[in-house]
Amino acid sequence: MIAGLAFYLFAAILIACATMVVTSRNPVHSVLYLILGFFNAAGLFLLAGAEFLAMILVIVYVGAVAVLFLFVVMMLDIDFAKMREGFQRYAPFGAVVGGILFLELLMVMGTWQFSGDAAELRLSPVPGGVSNTVALGRVLYTDYVFLFQIAGLILLVAMMGAIVLTLRERPGTRRQVIEDQLAREGKVEILSVPSGKGIRELGIYRPLPKPEPAPKQVSHGHGHGHDDHGHGGHH
Amino acid sequence: MQALQDFLATPVGHLVLTVAQALALLVPVLIAVAYMTWAERRIMAAMQLRKGPNVVGPFGMLQPFADALKMLMKETIVPTGASRYLFLAAPMLTFLLAMIAWSVIPVNDGWAIADINVGILYLFAVSSLGVYGVIIAGWASNSKYAFLGALRSAAQMVSYEVSMGFVIVCVLLCAGSLNLTEIVRAQTTVWYVIPLFPMAIIFFISTLAETNRAPFDLPEGESELVAGFFVEYSSMSFALFFLGEYANILLMCSLTTILFLGGWLPPMAIEPFTWVPGPLWFALKAGLLFFCFVWVRATFPRYRYDQLMRLGWKVFLPFSLVWLIITALTLKLMGWLPA
């Protein structure tokens, strides 16, 4: 009974959060609602006995993706009035796209056929004697390892594409090349100074800079009130 | 006695038992946190030839409680223009996350409150959520210093999580389980700090970055950002940040202990070592790691921001990836993979 109650609680909060993501006025609040939504989805996974997926959802989506999302949204300079305007204009278009997606889903659901042993499989999604992490690993890395590798390769190519498209070599920037700094000679020296001997005696003390020429005195008619005026060059 | 056991079997009794277990773990943790702040000040003072807090109580040992009382007496200030609810929620979130992580830590064999299958993933998830307290605090304060601190922290914590993940995968490969108790039990023959020594070092440095400690304390760099993301906080809301941060440090020390230093296991299963009870070994190892945290803080200057990013992405990430491949290959070729 508690599991059933928890399911309805998580599901209700999830739907409420999803609604708030769309309707919230402040985009940062939207992202925060999205994160709350992710949490409730993780809760639903836990109820279904998929603890590995629940944790991965929190780590990947909440811990990394949403952080970067929040990072970007916080730095955006958003004109709210303009956003409302856009909402009016694009609402019909969005409704059409949503409607088509919904129709397609309906068509798929209409022709859906359950296999004969679906009910049995659903009762024991995990083969006996192993935790669901092990079961998932067997499917992913043993049975479908090539598909998994191909998915990884596609992601790698996409990542390289993103970097190539956005990397810009700016001339004139002075980069730090640590190898060059470590390899240079004659500029940095490590000396062991005996205690009690000042650096002055070892002859590595940098001499005092030459006294700067005193700046010309600018005469003011009422200059005597400022004692600290124009005395910077005195030693 | 029988009546008590009957009561504990009911749902209400179960709830009472869980709350009691949580208190039995969290109260020692909070006391440890109080004394960590004292120990840090004393150790750093000794390293810098000062005395440190030594007036309140014997050796200044009542100093943390005096500080806590002082915090309680101060006024909670919410700046004008701050997002009020988020501003107050951020320290609570930080503190809450630092506390809930402790539910899976096994201080002794079978002592974890929640001995779950994916304990290490749970810890990784909770520690990766820690960044939200910082970001929300920085944004809700409506202050430039706080916001800059939050942005730095977001980038930093996400970067170091990647290499931490690879280090954890290395340990998991050797242990063959995601359960923290099983990971410690797998170290009965040898602690993982010996075969995986470079990974242990990387993990330690990454935990420094993950907890925003010196030399990676850029989110709160005093010299340029005053106090970073919590510059606008005062009184209890500040105290919650402070407690949460130190509880997180202790948590990371415990995690390192579990992953690399054999948790509650004695160094060798022979006479004088086995007299010491397991939780004491655990506390000793975590304390040693905390001493290293303080030692590092007293020794190294703060990293520059681009150096920090370079270290995370260009040094630790490739290195841990290569070491992961080496570990996997060795385990496979030698036939040491756990079943």
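To find a chain, count down the sequence lines: A is the first, B the second, and so on, and within it residues start at 1. Quick note: numbers below take in every heavy atom, side chains included, and nothing from hydrogens, waters or symmetry partners. On a predicted model such as this, the values are computed, not experimentally measured, just so you know.
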Below 4.5 Å from any heavy atom of chain B, which atoms of A:Ala54 appear? Answer side chain, backbone, both or neither.
neither
Tell me, please, which residues at least two apart from A:Phe10 pass ring pair (Phe, Tyr, Trp, His ring centres under 6.0 Å).
none
Of the listed residues (B:Ile116, B:Val126, B:Leu151, B:Val162), which shares the most heavy-atom pairs with chain A below a 4.5 Å separation?
B:Leu151
Enumerate, including both backbone and side-chain atoms, all donor-acceptor pairs under 3.5 Å from chain B to chain A.
unit_1: B:Asn117; atom_1: ND2; unit_2: A:Glu51; atom_2: OE2; d: 3.1
unit_1: B:Tyr132; atom_1: OH; unit_2: A:Val62; atom_2: O; d: 2.5
unit_1: B:Tyr132; atom_1: OH; unit_2: A:Val67; atom_2: N; d: 3.4
unit_1: B:Arg304; atom_1: NH2; unit_2: A:Gln176; atom_2: OE1; d: 2.6

Going by atom type alone, with no hydrogens or angles, which donor-acceptor pairs under 3.5 Å involve a side-chain atom of residues 151-162 of chain A and a protein atom two or more places apart or on another chain?
none

When the 4.5 angstrom heavy-atom criterion is applied to A:Leu57 and chain B, the contacting part is neither
Contact class of B:Leu121 relative to chain A, heavy atoms under 4.5 angstrom
both
Please assess A:Met55 against B:Phe124 for the test side-chain contact (heavy atoms from CB on, under 4.5 Å), listing each intermediate value before the final yes or no.
CA-CA 9 Å; A:Met55 291 303 155; B:Phe124 195 55; over 6 Å; no
When heavy-atom pairs shorter than 4.5 Å are enumerated against chain B, which of A:Val58, A:Leu68, A:Val134, A:Val62 gives the highest number?
A:Val62
What residues, two or more places apart in sequence or in another chain, satisfy side-chain contact (heavy atoms from CB on, under 4.5 Å) together with B:Thr330?
B:Ile326, B:Met334, B:Trp336
For chain A, the option from B:Leu129, B:Val131, B:Leu86 that forms the most heavy-atom pairs under 4.5 Å:
B:Leu129
Heavy-atom count around A:Phe71 CZ within 6.0 Å, excluding the residue itself: above 12?
yes
